[in-house]
S.K.: 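Attaching a single structure in structure tokens format; questions to follow.
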Amino acid sequence: MKIEKISEGIFKVDGRLATINLTPDSKVYGEELIEVEGIQYRSWNPYRSKLAAAISKGLTNIHMKPKSHILYLGAATGTTSSHLSDIVGKDGIIYCIEIAERSMRDLLKVCEKRSNMLPVLQDARKIESYSEEVGQVDIIYQDVAARDQDIILLRNSDMLKKGGYAYVAIKSQSIDVSRDPKLVYREFLDSISGKFDVLEKLDLSPYDQMHLFVALRKK
Ligand SMILES: C[S@@+](CC[C@H](N)C(=O)[O-])C[C@H]1O[C@@H](n2cnc3c(N)ncnc32)[C@H](O)[C@@H]1O
């Protein structure tokens with residue numbers, strides 16, 4: 001099998017995106033486990049994860065790496081955060097903020113096996129309830145289906161180091177279904193422009209039609 005390194009901890013195994021399984025023989029969402037020369041990879045499905053879609057679409061700003069501290073807003077059941085857990089490894093950490101109890105039940109099962117994932121059942125608007133625990137992080141990853149996605153990012157950016165990176169899947173449908181998505185994306189970017197520089201913008205089709213994926217750097 002052909003292994004191609006995309007960046008620290010991210011690979012293509014025979015052309016398919018994958019990370020090295022931090023918890024060998026255990027799956028999170030039915031992904032395929034692939035053994036190559038004693039290393040077990042987990043295939044990373046771009047139809048299930050917007051970060052995998054962005055990387056498949058050529059994202060060049062990939063700054064998540066071993067030992068990174070990541071604040072993940074909207075962790076749902078742990079699909080993407082589990083791959084970030086593979087990437088940051090045992091010495092990294094992912095604070096997984098999720099508002100829905102139902103998703104949290106599944107997320108907890110993932111976090112029980114992965115000591116670098118810390119679950120927080122909370123609204124990402126209420127940073128005062130977790131900011132002390134989180135401290136300062138290298139990266140914010142945000143994928144919340146909410147109307148005020150810009151405000152949520154701005155509030156949480158207090159926990160991001162200066163020069164740190166933020167990745168956001170902006171969902172226009174959650175902000176305003178009735179308006180042209182391009183206008184909704186522009187308003188989001190205008191709103192956060194005081195705090196962030198935009199490094200990259202990616203359309204995620206054919207993997208996802210509903211989002212603009214952006215890589216940002218804190219000023
Ligand atoms: C599209 S899903 C995230 C999928 C996940 N990022 C992945 O790739 O595995 C959006 C999640 O954001 C959560 N969410 C929405 N508003 C939130 C808020 N204010 N605070 C925390 N989580 C929120 C939803 O409950 C949902 O689980």
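These numbers were taken from a predicted model, which means no experiment stands behind them. For ligands, and for the atoms within them, numbers begin at 1 and follow the listed sequence. Here, residue 1 is the first one in the sequence, and each next residue gets the next number.
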S.K.: Show me the donor-acceptor pairs, under 3.5 Å and distance only, between side chains in residues 15-23 and residues at least two apart or in other chains.
M.R.:
unit_1: Arg16; atom_1: NH1; unit_2: Glu32; atom_2: OE1; d: 3.4
unit_1: Arg16; atom_1: NH2; unit_2: Glu32; atom_2: OE1; d: 2.9
unit_1: Thr19; atom_1: OG1; unit_2: His83; atom_2: ND1; d: 2.9
unit_1: Thr19; atom_1: OG1; unit_2: Asp86; atom_2: OD2; d: 2.6
unit_1: Asn21; atom_1: OD1; unit_2: Thr23; atom_2: N; d: 3.0
unit_1: Asn21; atom_1: OD1; unit_2: Thr23; atom_2: OG1; d: 3.2
unit_1: Asn21; atom_1: OD1; unit_2: Arg114; atom_2: NH2; d: 3.3
unit_1: Asn21; atom_1: ND2; unit_2: Thr23; atom_2: O; d: 3.2
unit_1: Asn21; atom_1: ND2; unit_2: Ser26; atom_2: O; d: 3.2
unit_1: Asn21; atom_1: ND2; unit_2: Gln40; atom_2: OE1; d: 2.9
unit_1: Thr23; atom_1: OG1; unit_2: Ser26; atom_2: OG; d: 3.3
unit_1: Thr23; atom_1: OG1; unit_2: Arg114; atom_2: NH2; d: 3.4

S.K.: Rounded to the nearest 0.5 Å, how far apart are CG of Leu153 and CD1 of Ile192?
M.R.: 6.5 Å
S.K.: Less than 4.5 Å apart, side chain to side chain, heavy atoms only: is that true for Lys201 and Leu189?
M.R.: yes
S.K.: Evaluate Ser81 for polar contact with ligand 1, using N/O atom pairs at a separation under 3.5 Å.
M.R.: no
S.K.: Phe196 vs Val198, test: side chain to side chain contact (heavy atoms under 4.5 Å, CB included). Steps then yes/no.
M.R.: CA-CA 6 Å; Phe196 288 97; Val198 179; over 6 Å; no
S.K.: Could you check atom 19 (N) of ligand 1 against the protein and tell me its nearest heavy-atom contact, residue, atom and distance included?
M.R.: Asp123 OD1, 2.9 Å
S.K.: List ligand 1 atoms under 4.0 Å from Arg125, heavy atoms only on the residue side.
M.R.: 19 (N)
S.K.: Taking atom types as modelled, is there a side-chain donor on Tyr130 or Asn156 under 3.5 Å from an acceptor on the other?
M.R.: yes
S.K.: Would you say Glu98 and ligand 1 have an N/O pair spaced under 3.5 Å apart?
M.R.: yes
S.K.: Show which atoms of ligand 1 fall inside a sub-4.0 Å distance from at least one heavy-atom site of Gln122.
M.R.: 20 (N), 21 (C)
S.K.: Would you mind listing every side-chain hydrogen bond (donor to acceptor under 3.5 Å, both in side chains) that reaches into residues 55-65, with sequence neighbours excluded?
M.R.: Thr60-Glu200, Asn61-His63, Asn61-Glu200
S.K.: Looking at non-hydrogen atoms alone, which of Ile99, Asp143, Asn156, Thr80 comes nearest to atom 14 (N) of ligand 1?
M.R.: Ile99
S.K.: If the cut-off is 4.0 Å to any non-hydrogen atom of Ala100, which atoms of ligand 1 fall inside it?
M.R.: 25 (O)
S.K.: With atom 1 (C) of ligand 1 as the reference point, say which of Met104, Arg48, Lys50, His211 has the nearest heavy atom.
M.R.: Lys50
S.K.: From the options Leu59, Val214, Leu216, select the one residue that forms a side chain to side chain contact (heavy atoms under 4.5 Å, CB included) with Tyr167.
M.R.: Leu59
S.K.: For atom 3 (C) of ligand 1, what's the nearest protein heavy atom and its distance?
M.R.: Gly74 O, 3.2 Å
S.K.: Among all protein non-hydrogen atoms, which one is nearest to atom 6 (N) of ligand 1, and what is the separation to 0.1 Å?
M.R.: Tyr72 OH, 2.6 Å
S.K.: Nearest 0.5 Å, please: how far is OG1 in Thr79 from CH2 in Trp44?
M.R.: 11.5 Å
S.K.: Closer than 4.0 angstrom: is that true for some heavy atom of Lys171 and an atom of ligand 1?
M.R.: no
S.K.: To which of Leu73, Val144, Leu107 does the heavy atom nearest atom 16 (N) of ligand 1 belong?
M.R.: Val144
S.K.: May I ask you to check whether Ile97 has an N/O atom sitting below 3.5 Å from an N/O atom of ligand 1?
M.R.: no
S.K.: So how far is it from Asp148 CG to Arg125 CZ, rounded to the nearest 0.5 Å?
M.R.: 4.0 Å
S.K.: Looking only at distances, can you tell me whether any N or O atom of Ala124, backbone or side chain, sits closer than 3.5 Å to an N or O atom of ligand 1?
M.R.: yes
